[in-house]
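What follows is one structure encoded as structure tokens, with my remarks underneath.
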Amino acid sequence: MKFKKLVAVLSTVMLIGAMTVGCAKPAETTAPAASTEEAAPAPAAEAEAKPEEAPKNEKLVVGFAQIGQESGWRDAETWSILNTAEEIGVDLKFSDGQQKQENQIKAIRTFIQQEVDVIGVAPVVETGWETVFKEAKDAGIPIVLVDRRAAVPEDLYAGFIGSDFILEGQSAAKEMATLLGNKGNIVELQGTVGASAATDRMTGFTDELKNYPDMKILASQTGDFTRAKGKEVMEAFLKAYPGEINGVYAHNDDMALGAIEAIKDAGLKPGTDIKVVSIDGVKGIFEAMAAGEANVTVECNPLLGPQFFKAAQDLKDGKTIEKWIKSDEGIFRQETAKDDLPNRKY
Ligand code: AHR
């Protein structure tokens, strides 16, 4: 299914059917035949079959508690999960948490009642998961963390699939140092407060900056990983520090794109007067780099569907999975953006 079409379908279904967890997947991604019907034996066979010989439902049944739709990156991750499930015929129960941890927790509880084989969750924030993860463990259902971490003891989840957010922050700082000639003032647009992606990207960046005594962060504020808030916060920074800002570091591309709008509205040239470094690698930032309005993006791969369902199948088969399945990622700069753009998948 085409990416834009699927996101449009999803937006409609998720908003209308918020928290109808597991009842309905978007029509176009529904896997063939409900598992209960498939498992029912044909009448003749039923008469002969002893209980222990009854056909077993071998189809992988997975619950996925997504965060929401805050960014282009998140849409790409959702697409990857839904599309892979459709391709390989998984019975997927998908929930959009609409940015709220309580919705994600409710979804996980519903998945437990539905006795899914494996639960995937992208935790909106890091803390507050212990109780519900313990409930899943007690029910014998493994939890796989997808893209963001949760601060829980290691025995409460089977594995984490995703990026090294600290390394991403460090790489962003090194790139900013090169752009600014190791000297200058930076403003930071942070992700959602309490999210591992925000905490670690801040830690990585500030730690690396210690190697550059002439570079400093003038101000940091959350833009909640959205373009609209990124723009709003950047407008406030530009008013508070007129003529002082040399670079903006955004924890994701969507906020950087919002910041670029704010910089232009202020009569300045993004990418030249104020350098722009961000994380994700979405098409929009490549277009901005190709136009000279952004400088660097540190890639964070959202296409985790294949790795996630492989891990889920392994867990269903009784295998253990690696505690951290890392994504392969690169760093992309303005100089090659035009050539890179046609190859971008999200
Ligand atoms: O957890 C990954 C982050 O969440 C991405 O960088 C951001 O765009 C998303 O919303």
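Both ligands and their constituent atoms are indexed starting at 1 by order of listing. All residue numbers refer to positions in the sequence shown, counting from 1.
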Original post:
Going by atom types alone, do T203 and D207 pair a side-chain donor with an acceptor below 3.5 Å?
Top reply: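 Note: T203 and D207 side chains miss the donor-acceptor criterion.
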**OP:** Consider only side-chain N and O atoms of N295 and E175, and report whether a donor and an acceptor are under 3.5 Å apart.
**Re:** no
Subject >> Whether Q334 side chain and A294 backbone form a donor-acceptor pair below 3.5 Å >> reply: yes
Taking distance alone, no hydrogens or angles, what donor-acceptor pairs closer than 3.5 Å link side-chain atoms of residues 321-328 to residues at least two apart or in another chain?
| from | atom 1 | to | atom 2 | distance (Å) |
| --- | --- | --- | --- | --- |
| K323 | NZ | E154 | O | 2.7 |
| K323 | NZ | Y157 | O | 2.5 |
| W324 | NE1 | G162 | O | 3.0 |

At a 4.0 Å threshold, what atoms of ligand 1 neighbour a non-hydrogen atom of [X]?
X: S71; result: 7 (C), 8 (O), 9 (C), 10 (O)
X: N252; result: 6 (O), 7 (C), 8 (O)
X: D147; result: 1 (O), 2 (C)
X: A197; result: 1 (O)
X: R201; result: 5 (C), 6 (O)

Subject >> I279 heavy atom under 4.0 Å from ligand 1 >> reply: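 Checking ligand 1 against I279, which is what was asked, there is no heavy-atom contact under 4.0 Å.
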Original post:
For atom 5 (C) of ligand 1, what is the nearest protein heavy atom, given as residue, atom name and distance?
Top reply: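 Going atom by atom, the protein heavy atom closest to atom 5 (C) of ligand 1 ends up being D280 OD1, 3.4 Å.
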Original post:
Which is closest to atom 10 (O) of ligand 1 by heavy-atom distance: Q99, E70, R149, R74?
Top reply: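 The option holding the nearest heavy atom is E70.
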Original post:
Salt bridge between D200 and R149, side-chain N to carboxylate O under 4.0 Å?
Top reply: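 No salt bridge links D200 with R149.
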Subject >> Qualifying ring-ring contact (aromatic ring centres under 6.0 Å, His included) pairs with a residue from residues 301-322, counting only residues at least two apart or across chains >> reply: F64-F308
